Amino acid sequence: MKKIILLIVLSVFLFGCTTSTPVVNQPETPNTDSTIDEATGLTIDAETGLLLMTIEELAQFDGKDGAKAFVAIDGNVYEVTGNRKWLDGNHEQGMSAGRDLSEFISGAPHGYDILKQFTIVGKIVE
């Protein structure tokens, strides 16, 4: 029993006497709030996982020649690729993908409810 107590005291003494060297001038970890999506070249917001794009960048997603078809409504970007109502990026009443259609959605026969079937893939930024 004395040996166990002696080992405990010795361990406490040895570990209690160790010193640690402070870390000095260590570079700060860079703030990684976003990354670049390799497929599109657009920034991905790290917090939301959504693509960040300008209206000009949205235009490249017009659904033509194999491009994805995206539309913006009230700052959200929805993917409409593969939807039969958006073949080749064209929709009824002259609407086309790659554009901000916010001003038209309220007058559309389906209204905002139709957006529930599409995935939000991005946000419009200035």
Side-chain angles (χ1 to χ4, degrees):
M1 183 68 163
K2 287 183 180 181
K3 287 183 181 181
I4 294 174
I5 294 173
L6 181 60
L7 281 173
I8 293 173
V9 170
L10 187 57
S11 297
V12 170
F13 176 75
L14 289 175
F15 289 110
C17 291
T18 60
T19 59
S20 62
T21 306
V23 177
V24 179
N25 294 330
Q26 184 173 357
E28 291 184 26
T29 304
N31 184 2
T32 54
D33 289 340
S34 60
T35 57
I36 301 297
D37 179 58
E38 291 182 23
T40 63
L42 297 173
T43 301
I44 300 173
D45 184 277
E47 188 175 318
T48 63
L50 297 174
L51 297 170
L52 302 176
M53 66 186 78
T54 63
I55 291 295
E56 293 78 18
E57 290 168 327
L58 174 66
Q60 69 183 319
F61 301 98
D62 61 3
K64 302 201 183 331
D65 300 320
K68 291 185 180 261
F70 294 168
V71 295
I73 309 260
D74 297 338
N76 291 320
V77 178
Y78 297 86
E79 182 165 10
V80 296
T81 307
N83 184 281
R84 63 184 179 85
K85 297 281 188 171
W86 283 95
L87 292 178
D88 296 322
N90 296 312
H91 190 51
E92 298 167 2
Q93 300 175 4
M95 299 294 119
S96 59
R99 296 180 45 211
D100 184 344
L101 302 178
S102 300
E103 65 183 276
F104 304 106
I105 189 76
S106 62
H110 48 64
Y112 283 89
D113 285 342
I114 196 76
L115 298 176
K116 293 176 187 172
Q117 68 178 295
F118 300 110
T119 301
I120 296 175
V121 295
K123 291 278 186 190
I124 296 296
V125 295
E126 299 296 316

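The basis for the numbers below is simple: all heavy atoms, side chains too, and nothing from hydrogens, waters or symmetry mates. Small disclaimer: the values here were computed from a predicted structure and weren't measured.
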*Taking a hydrophobic cluster as the set of Ile, Leu, Val, Met, Phe, Trp and Tyr residues connected by side-chain heavy atoms closer than 4.5 Å, whether directly or through intermediates, do Tyr78 and Trp86 fall within one such cluster?*
yes
*Is there side-chain contact between Phe61 and Glu79, with heavy atoms separated by less than 4.5 Å?*
no
_Summary of side-chain hydrogen bond (donor to acceptor under 3.5 Å, both in side chains) pairs that have at least one residue in residues 98-108, sequence neighbours excluded_ = Asp100-Ser102
*Indicate, with yes or no, if Val77 and Val80 share a hydrophobic cluster defined by side-chain heavy-atom contacts under 4.5 Å among Ile, Leu, Val, Met, Phe, Trp and Tyr.*
no
Give the table of side-chain donor-acceptor pairs shorter than 3.5 Å for residues 64-73, with sequence neighbours excluded, one pair per line with atom names and distance.
| unit_1 | atom_1 | unit_2 | atom_2 | d |
| --- | --- | --- | --- | --- |
| Lys64 | NZ | Asp88 | O | 3.1 |
| Lys64 | NZ | Asn90 | OD1 | 3.2 |

*Apply the test side-chain contact (heavy atoms from CB on, under 4.5 Å) to residues Thr35 and Thr43: give CA-CA distance (whole Å), side-chain angles for both, the deciding distance (0.1 Å), then the verdict.*
CA-CA 6 Å; Thr35 57; Thr43 301; over 6 Å; no
*asked:* Would you say Leu101 ends up clustered with Met53 if hydrophobic residues are merged whenever their side chains have heavy atoms under 4.5 Å apart, either directly or through other cluster members?
replied: no
_Shortest non-hydrogen contact between Thr48 and Asp45, atoms and distance_ = N-OD1, 2.8 Å
*Evaluate the side-chain proximity of Ile36 to Ile44: yes if any heavy-atom separation is below 4.5 Å, no if none is.*
no
_Strictly distance-based, threshold 3.5 Å: is any side-chain N or O of His91 a donor or acceptor partner for the main-chain N or O of Ala97?_
no
*Answer whether the closest heavy-atom distance between the side chains of Leu42 and Leu52 falls below 4.5 Å.*
no
Per-pair distances, 0.1 Å, donor-acceptor, side chain in residues 110-126, under 3.5 Å, sequence neighbours excluded:
| unit_1 | atom_1 | unit_2 | atom_2 | d |
| --- | --- | --- | --- | --- |
| Tyr112 | OH | Asp74 | OD2 | 3.1 |
| Lys123 | NZ | Asn76 | OD1 | 2.5 |

